[in-house]
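All remarks here apply to the structure that follows.
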Amino acid sequence: MHEVARDLVGATLLVDGAGGVLVEVEAYAPDDPASHSYRGRTARNAAMFGPAGYAYVYRSYGIHHCLNLVCGPDGEGAAVLVRALEPTHGLETMRERRGVEEVKLLCSGPGRLCEALGVTLVHDGLALDEPPFKLLRREAEPEVVATTRVGITRAVDLPWRYAVRGSDYLSRPVPS
DNA sequence: CAGTGGATGCTCT
DNA sequence: GAGCATCCACTGT
């Protein structure tokens, strides 16, 4: 799963033609106390226990949405949280949805990214290789750094956050 | 800059 | 009834 997470950085993700190049993701495993799949399958996280190549979307703090790409074997419950991307497609659409001009603020965070791409619960469980999703293999291999994950209270020390070193579009800078 | 607190809805204890 | 894989506005240096 960690290889998948690392390889996803640099790939291009589009939803209805809006999106960009992934610059920050986090891995979540079934035996990981910070993972939604840790306590087993429920109605909310059902998609996470499905086969790889599907989306798992959930509501966060009652306000935002967060997008995961399921990457474990069918039934395992492993996924990669998409935290930030560098906007390259549909900039004007994303600006309207976000109500912000600055490109750096369009997709630099899981909640912001879902708002910019228009991702909501209706996308939960959809296949990533079918519309409205489009996932393109990366063209060049970026320099990826592994650091600790953001915004969690358990398993805080696991270095399962993968980010492009020095990118201007991260949700937060990587510690030096 | 840093730090704090409110919004808001659903899941699990 | 607590606790979130968050974001933003506001405060005080």
Side-chain angles (χ1 to χ4, degrees), chain A residues 1-2 4-6 8-9 11 13 15 18-20 22-50 52 54-72 76-87 93-126 128 144-164 167-176:
Chain A
M1 174 193 54
H2 293 288
V4 178
R6 196 178 268 275
L8 276 171
V9 178
L13 174 70
V15 180
L22 302 184
V23 295
E24 180 183 351
V25 303
E26 287 177 357
Y28 286 89
D31 59 348
D32 163 14
S35 174
H36 287 181
S37 57
Y38 183 61
R39 294 167 212 279
R41 179 181 186 134
T42 66
R44 173 178 68 156
N45 64 20
M48 206 173 166
F49 284 89
Y54 285 77
Y56 163 48
V57 182
Y58 68 94
R59 185 180 283 284
S60 172
Y61 291 89
I63 305 176
H64 308 284
H65 295 276
C66 291
L67 170 65
N68 293 252
L69 312 183
V70 178
C71 65
E76 184 183 84
V80 172
L81 170 70
V82 181
R83 286 196 56 89
L85 57 75
E86 175 177 344
T93 303
M94 296 197 283
R95 273 198 255 257
E96 282 175 26
R97 293 206 267 233
R98 290 273 299 118
V100 171
E101 285 299 310
E102 236 190 303
V103 183
K104 281 186 187 180
L105 296 179
L106 289 182
C107 301
S108 56
R112 292 168 172 175
L113 182 149
C114 282
E115 187 177 28
L117 303 206
V119 171
T120 66
L121 292 178
V122 309
H123 299 282
D124 186 40
L126 297 189
L128 297 171
V144 178
V145 209
T147 65
T148 53
R149 296 177 290 183
V150 175
I152 53 174
T153 57
R154 292 178 295 240
V156 169
D157 294 327
L158 296 178
W160 288 1
R161 172 181 180 231
Y162 301 97
V164 175
S167 169
D168 285 332
Y169 303 94
L170 303 179
S171 66
R172 334 172 36 155
V174 305
S176 50

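Naming convention: chains lettered A, B, ... in sequence-line order (proteins, then strands); numbering from 1 in each chain.
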- request: Return no unless some side-chain N or O of A:R44 is found under 4.0 Å from OP1 or OP2 of B:dC12.
  value: no
task: Would you mind reading off the distance between A:E24 atom CD and C:dA5 atom C1', rounded to a whole angstrom?
output: 11 Å
field: Phosphate OP1/OP2 of C:dA5 contacted by A:S35 side-chain N/O (<4.0 Å)
entry: no
message: Regarding A:R172, tell me which of base, sugar-phosphate or nothing describes its non-hydrogen contacts under 4.0 Å with the strands shown.
response: nothing
Integer-rounded Å distance: B:dC10 P and A:L121 CG: 9 Å
- prompt: To the nearest 0.5 Å, what is the distance between CE (A:M94) and CG (A:L105)?
  reply: 12.5 Å
message: On the nucleotide C:dC7, are OP1 or OP2 found under 4.0 Å from the side-chain N or O atoms that A:S60 carries?
response: no
- request: Using a 4.0 Å heavy-atom cut-off across all strands, classify A:R149 as base, sugar-phosphate, or nothing.
  value: nothing
field: Base C:dA5 paired with A:Y58 side chain (donor-acceptor, <3.5 Å)
entry: yes
- prompt: If a stem is a run of at least 3 consecutive Watson-Crick or G-U pairs, both distances under 3.5 Å, which stems include DNA chain C?
  reply: B:1-7 with C:6-12, B:9-12 with C:1-4
- prompt: Looking for any heavy atom pair under 4.0 Å, which part of the strands does A:L81 touch: base, sugar-phosphate only, or nothing?
  reply: base
Backbone of A:A34 reached by a side-chain donor or acceptor of A:R154 within 3.5 Å: no
field: Proximal nucleotide (of B:dA7, B:dT11, B:dG9) relative to the A:I63 side chain
entry: B:dA7
message: In this structure, is the centre-to-centre distance between the rings of A:Y56 and A:Y54 below 6.0 Å?
response: no
task: Can you measure from CZ (A:R59) to SG (A:C114) and round to the nearest 0.5 angstrom?
output: 11.0 Å
task: For A:S171, report the nucleic acid contact type (base, sugar-phosphate, nothing); a contact means any heavy atom under 4.0 Å.
output: nothing
query: Quick check: are there more than 12 heavy atoms from other residues, nucleotides or ligands sitting under 6.0 Å from CZ of A:R172?
result: no
query: Which nucleotide, C:dA5, B:dC12, C:dC7, lies nearest any side-chain atom of A:R39?
result: B:dC12
Given B:dA7, C:dC4, C:dA5, the nucleotide with the shortest approach to the side chain of A:Y56: C:dA5
message: Taking A:L106's backbone N and O only, do any of them form a donor-acceptor pair with A:R97's side chain (distance below 3.5 Å, no angle check)?
response: no
message: Among C:dA5, C:dC7, B:dT11, which nucleotide has an atom closest to any side-chain atom of A:Y28?
response: C:dA5
message: At 4.0 Å (heavy atoms only), tell me whether A:G62 reaches a base, stays on the sugar-phosphate, or touches nothing.
response: base
- request: Evaluate side chain to side chain donor-acceptor pair (under 3.5 Å) for A:S167 paired with A:E86, printing each intermediate quantity in order.
  value: CA-CA 8 Å; A:S167 169; A:E86 175 177 344; 5.0 Å; no
